[in-house]
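Some notes on the structure that comes next.
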Amino acid sequence: MVNFVEAQKPLLHALVRLAGLRQLTVEIHPGTFMSFWVPKDKIPKKSTNKEIVPVGKTSDVNKNKKKGEGKKEKPAVVLVHGFAAEGIVTWQFQVGALTKLYSVYIPDLLFFGASSTTAADRSPEFQADCLAVALDQLGVQRCTVVGFSYGGMVACKMAEARPDLVNSMVVSGSVTAMTDSISAETMERLGFSSSKELLLPESVKGLKALLKVATYKKLWFPDFLHRDYLKVMFTNRTERAELLEGLVRSNKDAQVPVLHQRILLLWGENDNIFNLELAKNMKE
C-alpha cells in the first residue's frame, strides 16, 4: 500500500531544492548525527544528500564559493521545528520567502528525520549543544534562531549557552523551560493525562485530538491520511517519550535564563497549548 505522506516527500524535497537548499548530515561526535537542509553554496563539492560532514571538519564546507566570491554574505537564519513533525515539513511554507534574503538552515533535532544519537542524554540542553556544534562545523558564525514549540525551548538553551553564536531569536508557541507546574496545568486544561498522550498519539483518534488542540482552522482529512501521518512522523517513539520526560523541570530547580539577544515573541492569540498568558509572563 502507498503511504501518501511518504509519497509527497520527493515533491517537497524538489521544491526545497528549487529554493536553493540541499540536504546534508553532520557528525557531531561519534554516534551522534544531525540532518540539515543548508544553502547549496555551503555544500562541499561532489556532495550528495547522504554527504556526512565528519567531526570537526569545517575546512571544505565553504570552499565552493568561487562564483560570486565578492558577494555580500546573507545573514544566517536557523529554523528549529516542534515536536509533531521534522524540520522541512514544519517550515515548508517559509523556505521560499526566506531564502531570498537569508542563508537558511533547517535541522532535524535528534530522533527526528534522519538525526540520531547513541548518547543517553535527552535534555533540551543536549539538543542545543549538538545544534550549536553542527552550526560551528557548517561555518555559521552568527545567526538568528527561529524556534517553534519544542524548538523554542532548544533555541533558548542555545542562546543562553552560546551568545557568541545566537545574535537574535524568534520564539513562537513555546516557553523557556517546561516546569512541572506549567506541564500539569496545561495537561489538565487540555484534558490529557500527560504530554506523551498529547504529543505521541498512537491512533487516528489520538492524532485527531492533537490536531484539534494544536490547530486553529479545522481541516478535514480522511482517516487513511491520518494513519499515514502517524507512520511517517511519529517514529522513534521510545526516544521521543524520553525527550518529553527530559523536558520537565521542577519549579524549585527552574531558573529564568539571562538572555542578552534581541527576542521577538510571536504568538497566536488562540494558542491552546501555550496560551497568551504564558507568553506575557515569559516576556516579563
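Basis for what follows: all heavy atoms, side chains included, without hydrogens, waters or symmetry-related copies.
A distance-only check finds no donor-acceptor pair linking the side chain of R249 to the backbone of D180 [under 3.5 Å]. Of the possible donor and acceptor atoms, none in the side chain of R227 sits under 3.5 Å from a partner among the backbone N and O of V204. At least one donor-acceptor pair closer than 3.5 Å links the side chain of N236 to the backbone N or O of F111. Judged purely by atom type and a 3.5 angstrom limit, K157 has no side-chain atom pairing as donor or acceptor with the backbone of G152. T215 places no side-chain N or O within donor-acceptor distance of the main-chain N or O of K218, the cut-off being under 3.5 Å. Judged by distance alone, with hydrogens and angles left aside, the side-chain atoms of N167 form no donor-acceptor pair with the main-chain N or O of T144 at under 3.5 Å. Using modelled atom types, no side-chain atom of Q127 and backbone atom of L109 make a donor-acceptor pair closer than 3.5 Å. Checking side-chain atoms of S115 against main-chain N and O of S35 turns up a donor-acceptor pair under 3.5 Å. Side-chain atoms of T186 do not come within 3.5 Å of backbone N or O of S183 as any donor-acceptor pair.
Counting only heavy atoms from C-beta outward, the side chains of F4 and L225 approach each other to under 4.5 Å. For the pair M233 and V89, the minimum side-chain heavy-atom distance is below 4.5 Å. Using a 4.5 Å cut-off on side-chain heavy atoms (C-beta onward), N3 and K231 make contact. Annotation: side chain of E125 is not in contact with side chain of E160 (no heavy-atom distance under 4.5 Å). Residues F274 and M178 form a side-chain contact, since some pair of their non-hydrogen atoms from C-beta on lies under 4.5 Å apart. Counting heavy atoms from C-beta on, the side chains of L247 and L243 never come closer than 4.5 Å. A heavy-atom distance below 4.5 Å is found between the side chains of R240 and T235. A 4.5 Å side-chain heavy-atom check between Y105 and K42 finds at least one atom pair inside the cut-off.
Under 4.0 Å is where a charged nitrogen must lie from a carboxylate oxygen, and between R189 and E185 at least one such pair does. We find that R162 and D136 are joined by a salt bridge, their nearest charged nitrogen and carboxylate oxygen being less than 4.0 Å apart. Look at E242 and R237 and you find no salt bridge, because none of the NZ, NE, NH1 or NH2 atoms lies under 4.0 Å from a carboxylate O. Using a 4.0 Å cut-off between charged side-chain N and carboxylate O, K208 and D223 make a salt bridge.
Applying the side-chain hydrogen bond (donor to acceptor under 3.5 Å, both in side chains) test between E197 and each of S193, S194, S195 identifies S193 as the sole match.
At a cut-off of 3.5 Å, with distance as the only test, no side-chain donor of S149 or S174 sits close to an acceptor on the other residue.
For the atom pair CZ (F36) and CG (L24), the distance works out to 8.5 Å, reported to the nearest 0.5 Å. L278 contributes atom CG, which lies 10.0 Å from atom OG1 of T176 (distance to the nearest 0.5 angstrom). Taking CD1 from I88 and NZ from K9, the interatomic distance works out to 11.0 Å, rounded to the nearest 0.5 Å. Atoms NZ and CZ, on K40 and R17 in that order, are 9.0 Å from each other to the nearest 0.5 Å. Between the NZ atom in K212 and the OH atom in Y216 there is a gap of 14.5 Å [rounded to 0.5 Å]. To the nearest 0.5 Å, the span separating CG on L198 from CD1 on I273 amounts to 5.0 Å.
Residue P201 comes nearest to L207 through the heavy atom pair CB-N, 3.4 Å, listed as atom of the first residue, atom of the second, then distance. Summarising the geometry of A84 relative to F234, their closest heavy-atom pair is O-CZ, 4.2 Å, with the distance given to 0.1 Å. Contact record, Q261 with S168: CB-CA, 4.0 Å, taken as the closest heavy-atom pair. Nearest heavy atoms, I106 versus G87: CG2-C, 3.6 Å. Shown here for G113 and D108, the closest heavy-atom pair between the two residues is CA-OD2, 3.7 Å. The two residues T99 and K74 make their nearest non-hydrogen contact at O-NZ, 2.8 Å.
Residues V78 and L266 are members of one and the same hydrophobic cluster, defined by side-chain heavy-atom contacts under 4.5 angstrom among Ile, Leu, Val, Met, Phe, Trp and Tyr. Cluster membership check: L101 shares its hydrophobic cluster with V170, using side-chain heavy-atom separations under 4.5 Å among Ile, Leu, Val, Met, Phe, Trp and Tyr. L12 and L18 fall into different hydrophobic clusters, where Ile, Leu, Val, Met, Phe, Trp and Tyr are joined by side-chain heavy atoms under 4.5 Å apart, directly or via other members. Under a hydrophobic clustering in which Ile, Leu, Val, Met, Phe, Trp and Tyr are joined whenever their side-chain heavy atoms come within less than 4.5 Å, directly or via other members, F221 and L230 fall into different clusters. Tracing side-chain contacts under 4.5 Å through hydrophobic residues (I, L, V, M, F, W, Y), one reaches L264 starting from V166; they form part of the same cluster.
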> How far apart are the C-alpha atoms of L15 and Q92, what are their side-chain angles, what is the distance that settles it, and do they pass the side-chain contact (heavy atoms from CB on, under 4.5 Å) test?
Replying inline: CA-CA 9 Å; L15 292 173; Q92 58 185 288; over 6 Å; no
>> V26 vs I28, test: side-chain contact (heavy atoms from CB on, under 4.5 Å). Steps then yes/no.
In response: CA-CA 6 Å; V26 179; I28 311 300; 4.2 Å; yes
>> For a side-chain contact (heavy atoms from CB on, under 4.5 Å) check, start with the C-alpha distance between S103 and V77, then their side-chain angles and the critical distance, and finish with the verdict.
In response: CA-CA 6 Å; S103 290; V77 170; over 6 Å; no
> Run the side-chain contact (heavy atoms from CB on, under 4.5 Å) check on V95 and W37 step by step: do they pass?
Replying inline: CA-CA 10 Å; V95 173; W37 285 89; over 6 Å; no
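In this structure, K196 places its NZ atom where only 12 or fewer heavy-atom neighbours from other residues, nucleotides or ligands lie under 6.0 Å away. In the displayed structure, Q8 atom CD is contacted under 6.0 Å by more than 12 heavy atoms of other residues, nucleotides or ligands. No more than 12 heavy atoms of other residues, nucleotides or ligands lie within 6.0 Å of NZ in K280, so this atom counts as exposed by the packing criterion. No more than 12 heavy atoms of other residues, nucleotides or ligands sit less than 6.0 Å from atom OH of Y102. Within 6.0 Å of CZ on F126 lie more than 12 heavy atoms contributed by other residues, nucleotides or ligands.
In this structure, F83 has its ring center closer than 6.0 angstrom to the ring center of F112.
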